[in-house]
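Below: the structure, in structure tokens.
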Protein chains: 2
Amino acid sequence: MIEARHLRVLRAVHRTGSFSAAARELGCTQPAVSQQMKALEQSAGTPLLIRTGREMRLTQAGEALVRHATGILAGLTAAEEEVAAIAGLRAGRVRLVSFPSGSSTLVPAALAAMRADHPGTRVSLVEAEPPRSVEMLRNGDCEITLAFRYPEVRGADPAAEAEWDDLVVRPVLVDRLVGLVPETHRLAGAGTAGYADLAGEPWIAGCPRCRRHLVEVCEGAGFTPRIDFATDDYPAVIGLVGAGLGVAVLPELALESVRHKGVRTVAMEPCVQREVVALTLPDLAQVPAVEAMLGRLAGAVGD
Amino acid sequence: MIEARHLRVLRAVHRTGSFSAAARELGCTQPAVSQQMKALEQSAGTPLLIRTGREMRLTQAGEALVRHATGILAGLTAAEEEVAAIAGLRAGRVRLVSFPSGSSTLVPAALAAMRADHPGTRVSLVEAEPPRSVEMLRNGDCEITLAFRYPEVRGADPAAEAEWDDLVVRPVLVDRLVGLVPETHRLAGAGTAGYADLAGEPWIAGCPRCRRHLVEVCEGAGFTPRIDFATDDYPAVIGLVGAGLGVAVLPELALESVRHKGVRTVAMEPCVQREVVALTLPDLAQVPAVEAMLGRLAGAVGD
DNA sequence: GCTCGCCCCAAGGTCCGCTTATGCTCGAAG
DNA sequence: CTTCGAGCATAAGCGGACCTTGGGGCGAGC
């Protein structure tokens, strides 16, 4: 087995013409070079250098090795270069999966920061809801998944939470759920409302998990909400509320990027917080580009 | 510094999909693979593999390394293959320099044997006299030099002999010097003649060294030969003797391949022997093709 | 003739890598 | 649900490889 290190030494010997000069160039002692050449000749099975008095000459086998060494070492340094580029964030690709309302505000800011800091990296974005997005993460279809959870759920669905215990969970931000009523509603001007205050209203729910959570909270308040519509499209929710078809609770984040015409927000009591987190696999968290992107997502809180 | 051995292991891991399978394929234990991959990841500075439950997947850096590994390992095996071909005598080139009379008989037999045994090798032949041929050997212009010496010279030219003491001297054959007289000469029928018997004759001498040797031998016999012609072309010597222009002594070997028309040979007393040797450099004697050719030259004695 | 540079050789110490042994996790089968 | 097997990680132990230091021989140049 010929080692690349030996080829490097052989080339240095060939270029400089002596073991001592090669040793100086390589930063080691002359016997080290001598021994390496002996080892290389042994693994080659034939002499490679002929020591004729003053100068070092190559045998035919030595010439063949030096000829190949150029390409081999070039390939090796190219590989090192590419890996170093990825490790040094001058290259690298991150595939990010986000739930829809995260894409609109948080993700663009993080993407912009990432591009500004590391222009060589590429971040792609796909939208998907958990648990589909978590499945994609496990399947290797993405490196980072944005998800959210309701920490205050009283052990309602431990299975869903347990799905993440082997993942790296990076908190990104916490946003409050606020109530949403038509501007003609009796509570439109109220600063705060309790869930029970909306017990008799028709409700517009969000995605399946948000819907489950809504039901739990309302039941905690003593009633079961009548849900007339359910959609994970937040502008649609706002539109439905604005049309007077019901009331809803939405994360503050989801309201930021949408004009909420014809609706009013009210703070809800009790205050429910939704935690948005970035998920990744433990090994992927060590990948520089992934790590950097996780940092940008967490840093985008300022917006 | 990425090592080729690590790339080999990485590729095996990628192909087989597990450390254990790669270890079996590589003929080592699983912890060895595990440690090598850890070392490779450390020298790469970034994770290369993600262990996601059952299967092993590559990170982007891992993909880059595997992609480069193909070319690097291919170049490495190509280099090993070429060196092995040279070492295994399936390839290789030997440049042989011979003195003129050696070329005619001994060299062709050795060349034929070499080609028969190792068809992949190539032997080139150039004619030159020593000391020019020895100089070529030292300059790297050839691998083997055929030369001859007169062992019985009584310390006449120790310098010339000393020239070889750092070389590998491989005896090839010993041939006798025989007298050559015109067929009309008074000694033409004699079985044996002494040098003194030819004291008054005009002499035809050979190459400079042969000429010097002739003078020494004759002076040992009590006279100084009158040399009318000197040429290193043996057929020319024979022609001159045949034309009655003088007498000569020639190696038996030189007579074998020439029709000696009009001349007669006589054994000379004292019997002088010329030793034909193959010379090479100590390092070159280890080169398989050179070694093989040296053997064929020594084995060509049978002819 | 002397000195300097270069190479080889031998000995010592250090470090690396492999192996054995063990524990842990996960997935599949009963 | 439990058990079993496969696979990976880790620790200890050991053998070997590598490099360094020190000494010697040899050829070249002043």
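All values below come from the heavy atoms of this structure, side chains included, with hydrogens, waters and symmetry mates left out. Chain A is the first sequence line, chain B the second, and so forth, proteins listed ahead of strands; every chain is numbered from 1.
- The phosphate of D:dG27 has neither OP1 nor OP2 within less than 4.0 Å of any side-chain N or O from A:R51.
- When rounded to the nearest whole Å, the span between NZ of B:K38 and C1' of D:dC8 equals 11 Å.
- At a cut-off of 3.5 Å, with distance as the only test, no side-chain donor of A:H14 or A:R57 sits close to an acceptor on the other residue.
- If A:A21 and B:C28 are placed on DNA chain C by their nearest nucleotide, the residue sitting closer to the 5' end is A:A21.
- For the pair B:Q30 CD and C:dG17 P, the interatomic distance rounds to 17 Å; values are reported in whole Å.
- Regarding contacts with the backbone of C:dC18, a side-chain N or O of B:Q36 is found under 4.0 angstrom from either OP1 or OP2.
- The distance from atom CG of A:L40 to atom C1' of D:dA17 is 16 Å, rounded to the nearest whole Å.
- A:S34 has a side-chain polar atom (N or O) that falls below the 4.0 Å cut-off from OP1 or OP2 of C:dC8.
- Note on ring orientation: taking the six-membered ring where Trp is involved, the planes of B:F99 and B:F148 are perpendicular (angle over 60°, cut-offs 30° and 60°).
- Checked against C:dC18, D:dG7, D:dA9, the side chain of B:A32 finds its nearest nucleotide in C:dC18.
- Between the CD atom of A:Q42 and the C1' atom of D:dG16 there is a distance of 14 Å, given to the nearest Å.
- Mapping B:Q35 and B:F19 onto DNA chain D by nearest heavy atom places B:F19 closer to the 5' end of the strand.
- Rounded to an integer number of Å, the gap from CD of B:E25 to P of D:dG7 is 14 Å.
- Look at A:R122 and A:E143 and you find no salt bridge, because none of the NZ, NE, NH1 or NH2 atoms lies under 4.0 Å from a carboxylate O.
- Per the geometry, CE belonging to B:M56 stands 14 Å off P belonging to C:dG27, to the nearest Å.
- Judged by distance alone, the side chains of B:R296 and B:H118 do bring a donor and an acceptor atom under 3.5 Å apart.
- To the nearest angstrom, P of C:dC7 lies 14 Å from CZ of A:R57.
- Side-chain atoms of B:T145 come within 3.5 Å of backbone N or O of B:S133 as a donor-acceptor pair.
- Listed candidates were D:dA9, D:dG7, D:dT20. Nearest to the side chain of B:R24 is D:dG7.
- Rounded to a whole Å, the CG atom of A:L26 is 13 Å from the C1' atom of D:dC19.
- Of all nucleotides listed (C:dT19, C:dG17, D:dG7), C:dG17 comes nearest to the side chain of B:E3.
- Residue A:R5 has its side chain nearest to D:dC19 when only D:dG7, D:dC19, D:dT20 are considered.
- Proximity of B:S20 to the phosphate of D:dC8: a side-chain N or O atom is located under 4.0 Å from OP1 or OP2.
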